[in-house]
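Structure, as structure tokens:
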Amino acid sequence: MPQNDGLNRRSFLRNTGMAAFVGAFGSAAPLAAATAAAAAVAENGKFDFDTPYNRFGTDSTKYDQQIRVYGKDSVQVGMGIADMDFKVAPSITKELMARLQHENWGYLDMQGSLGKSMNEHIVAWNKKRYGLTVNPESVVMTTGVHPGLIAAIKAFCPPGSKVLLNTPTYNGFYGDLTYTKTLPEEVPMRLVNGRYSIDFDEFERHIGPDTNVYILCNPQNPTGNMWSQADLMKLGEICLKRRVVVLADEIHCDFAQKGQKYTPFASLPDKAIVNNSITFKAASKSFGLAAMKCAWFFSDNTDFVNRVRANNRADLTTLGLIASHGAYSGGEEWLNQCVEYIDGNQDFVSQYVAANIPMIKCVKPQGTYLQWLDVSAVADKIGAKDMAAEANKKAEGGGRRGAGVTPETMVERYLVRHAKVHLNQGASYGLGGANHMRMNIATSRKTLEVALSSLANALKTVAPDRTLIG
Ligand SMILES: Cc1ncc(COP(=O)(O)O)c(C=O)c1O
């Protein structure tokens with residue numbers, strides 16, 4: 001396969017008319033062409049996840065931000081931030097297009113027919129897909145899982161108090177803690193043969209008098225753990241006993257690999273345990289709607305809901321709400337096929353890495369569209385520790401790239417420089433993240449092949465590269 005087939009930034013822009021779209025933002029014709037293409041109906045009932053959908057030139061964090069950071073033509077494949085490269089489900093584009101016909105964007109009545117219908121869809125979706133009964137009155141809309149979590153942390157945790165985390169965990173949580181002036185209480189997970197598990201005694205030992213909440217990530221970003229009912233019960237019992245409120249972030253719940261099952265915390269068989277929790281969800285991961293800013297939380301505990309609601313000033317956008325509505329009203333089959341495609345991608349990555357990239361180790365995750373890679377051999381070979389120490393020293397002395405550089409930052413820079421592939425550096429995911437990188441595989445198989453073959457080539461011979469120090 002030609003290396004750049006369908007993926008070359010410039011040819012993509014030329015071929016799709018996206019250059020005109022970018023250059024003349026606001027010009028109606030290319031925008032209409034782009035959206036019409038996005039709304040293409042599946043043929044033979046099959047949605048197309050195979051054709052690379054080039055996102056360069058759309059101000060995407062995954063691609064364009066990396067170009068901004070690393071320079072022109074530096075990145076060929078973005079495999080960082082957790083969003084998907086696919087065209088959205090046609091039902092989403094259809095509902096958005098219909099609303100666009102009405103050219104007025106005044107304030108939205110959240111209690112109106114759209115809000116009500118969304119509420120019904122959330123309840124029905126949870127019932128149908130996960131067998132979970134959600135009280136419609138307890139569902140509170142918010143502009144993202146982050147704002148919801150922040151509202152909850154503010155409700156339960158005074159500044160300076162601790163928030164429990166199993167690490168490695170989603171790095172965005174640390175930002176929520178900074179925002180609420182709380183501190184992480186990190187409980188590193190056990191790692192045996194590439195598989196992570198929770199040491200429950202250790203978990204309990206980390207709970208002190210100033211630990212008020214635990215952020216559960218299920219499935220776990222970045223390790224891909226799907227927590228079993230037994231795991232969740234154990235965590236739930238400890239948290240209930242020690243008066244720690246469980247904030248269950250289940251945003252990745254739809255991505256369960258074949259043979260795996262997602263267990264909602266709110267479905268646990270002990271009512272007291274469930275009542276000690278709040279669940280945070282969205283359609284954004286499942287349907288590629290991250291920038292649409294729409295999420296929700298719910299709990300059977302009315303007092304909890306009211307306390308969090310009091311901190312949750314959420315003015316949703318009309319388009320964001322419509323996009324999530326379109327996802328749930330007509331996107332289920334698209335999602336089913338997407339999850340299956342992702343499962344195939346995960347298999348493909350495990351097999352490809354085992355066969356062709358001896359410097360990287362990975363095991364197939366149970367859930368999410370993320371791959372957690374052990375890159376310790378790469379870090380070793382390039383002298384990442386020494387380079388990071390030198391970069392930090394230089395930064396203290398007024399160097400160009402700023403302090404806080406980790407050895408994994410060096411691996412990140414190395415892979416961009418030598419493979420043109422961008423991955424997220426593991427140390428940002430907390431204790432236990434060192435020597436790892438996170439790779440987002442929610443893309444076309446072809447894009448994945450290009451990324452993996454570029455990594456394989458770049459890692460055939462590995463040597464320190466002092467230009468990375470900055
Ligand atoms: C576990 C987890 N929670 C929350 C978020 C962000 O949610 P939102 O964009 O709704 O604020 C992400 C995004 O990657 C995530 O992985």
Side-chain angles (χ1 to χ4, degrees), residues 62 66 75-85 167-171 188-197 217 219-226 252 255 257 342-382 384-385 388 406-443 445 447-462 468:
K62 203 186 205 175
Q66 306 321 316
V75 171
Q76 187 182 21
V77 187
M79 307 193 88
I81 196 155
D83 62 26
M84 303 198 283
D85 290 344
T167 61
T169 196
Y170 172 47
N171 51 7
M189 293 191 285
R190 268 190 310 231
L191 176 60
V192 180
N193 294 332
R195 287 271 173 227
Y196 287 86
S197 61
C217 193
Q220 180 93 1
N221 170 4
T223 62
N225 279 76
M226 224 52 193
H252 290 273
F255 295 99
Q257 272 32 292
I342 295 285
D343 186 68
N345 274 2
Q346 298 283 26
D347 282 334
F348 179 75
V349 172
S350 312
Q351 285 154 17
Y352 190 100
V353 170
N356 302 294
I357 319 185
M359 294 209 72
I360 292 182
K361 288 197 216 100
C362 68
V363 293
K364 185 181 176 183
Q366 298 168 321
T368 76
Y369 51 66
L370 308 165
Q371 268 275 351
W372 188 233
L373 308 173
D374 180 338
V375 296
S376 37
V378 182
D380 242 27
K381 266 264 158 71
I382 66 171
K385 251 192 199 148
T406 66
E408 292 70 34
T409 318
M410 288 301 158
V411 177
E412 178 178 333
R413 289 178 188 173
Y414 190 92
L415 297 177
V416 168
R417 173 71 54 85
H418 296 273
K420 292 184 181 265
V421 173
H422 178 253
L423 309 179
N424 289 127
Q425 62 109 345
S428 67
Y429 299 87
L431 285 180
N435 286 318
H436 289 81
M437 301 293 285
R438 192 189 76 168
M439 181 163 82
N440 172 353
I441 56 91
T443 193
R445 197 75 42 90
T447 309
L448 204 50
E449 270 181 55
V450 170
L452 292 172
S453 62
S454 303
L455 287 171
N457 282 336
L459 295 176
K460 265 187 193 140
T461 47
V462 181
L468 306 174

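These figures come from a predicted structure and were not determined experimentally.
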Can you check whether [Y]'s main-chain N or O pairs, donor with acceptor, with [X]'s side chain at less than 3.5 Å?
| X | Y | value |
| --- | --- | --- |
| Q346 | G367 | no |
| R413 | L468 | yes |
| N356 | A456 | no |
| K361 | G194 | no |
| Q366 | M226 | yes |

Check [X] against [Y] and note the closest heavy-atom contact, atom names and distance.
| X | Y | value |
| --- | --- | --- |
| V375 | I360 | CG1-CG1, 4.2 Å |
| H422 | E412 | NE2-OE2, 2.9 Å |
| P365 | Q257 | O-CG, 3.4 Å |
| A384 | M410 | O-CG, 3.7 Å |
| P168 | P222 | O-CD, 3.6 Å |
| V75 | Q66 | CG2-CB, 3.8 Å |

Consider only side-chain N and O atoms of W372 and Y196, and report whether a donor and an acceptor are under 3.5 Å apart.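 Short answer, yes.
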Out of T443, V77, D85, which one pairs with L448 under the side chain to side chain contact (heavy atoms under 4.5 Å, CB included) rule? T443
Salt bridge (charged side-chain N to carboxylate O under 4.0 Å, His left out) contacts touching residues 362-375 (sequence neighbours left out):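 Sorted pair list: D343-K364, D347-K364.
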Look at the rings of F255 and Y369 and say which category their plane angle falls in: under 30° parallel, 30 to 60° tilted, over 60° perpendicular.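 Answer is perpendicular, since the angle exceeds 60°.
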Taking only residues two or more places apart in sequence or in another chain, which ones pass side chain to side chain donor-acceptor pair (under 3.5 Å) with K460? N457
Atom [atom1] of [X] and atom [atom2] of [Y]: how far apart are they, to the nearest 0.5 Å?
| X | Y | atom1 | atom2 | answer |
| --- | --- | --- | --- | --- |
| L459 | L415 | CG | CG | 6.0 Å |
| M359 | L373 | CE | CG | 13.0 Å |
| R438 | T223 | CZ | OG1 | 11.0 Å |
| M437 | S428 | CE | OG | 9.0 Å |
| L455 | Y352 | CG | OH | 8.5 Å |
| Q220 | H252 | CD | NE2 | 9.5 Å |

V462 vs I382, side chain to side chain contact (heavy atoms under 4.5 Å, CB included): CA-CA, chis, key distance, verdict: CA-CA 7 Å; V462 181; I382 66 171; 3.2 Å; yes
Run the numbers on V450 and K420 for side chain to side chain contact (heavy atoms under 4.5 Å, CB included), then give the verdict. CA-CA 10 Å; V450 170; K420 292 184 181 265; over 6 Å; no
Are I81 and N440 close enough that some pair of their side-chain heavy atoms sits under 4.5 Å apart?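 Side-chain contact under 4.5 Å: no.
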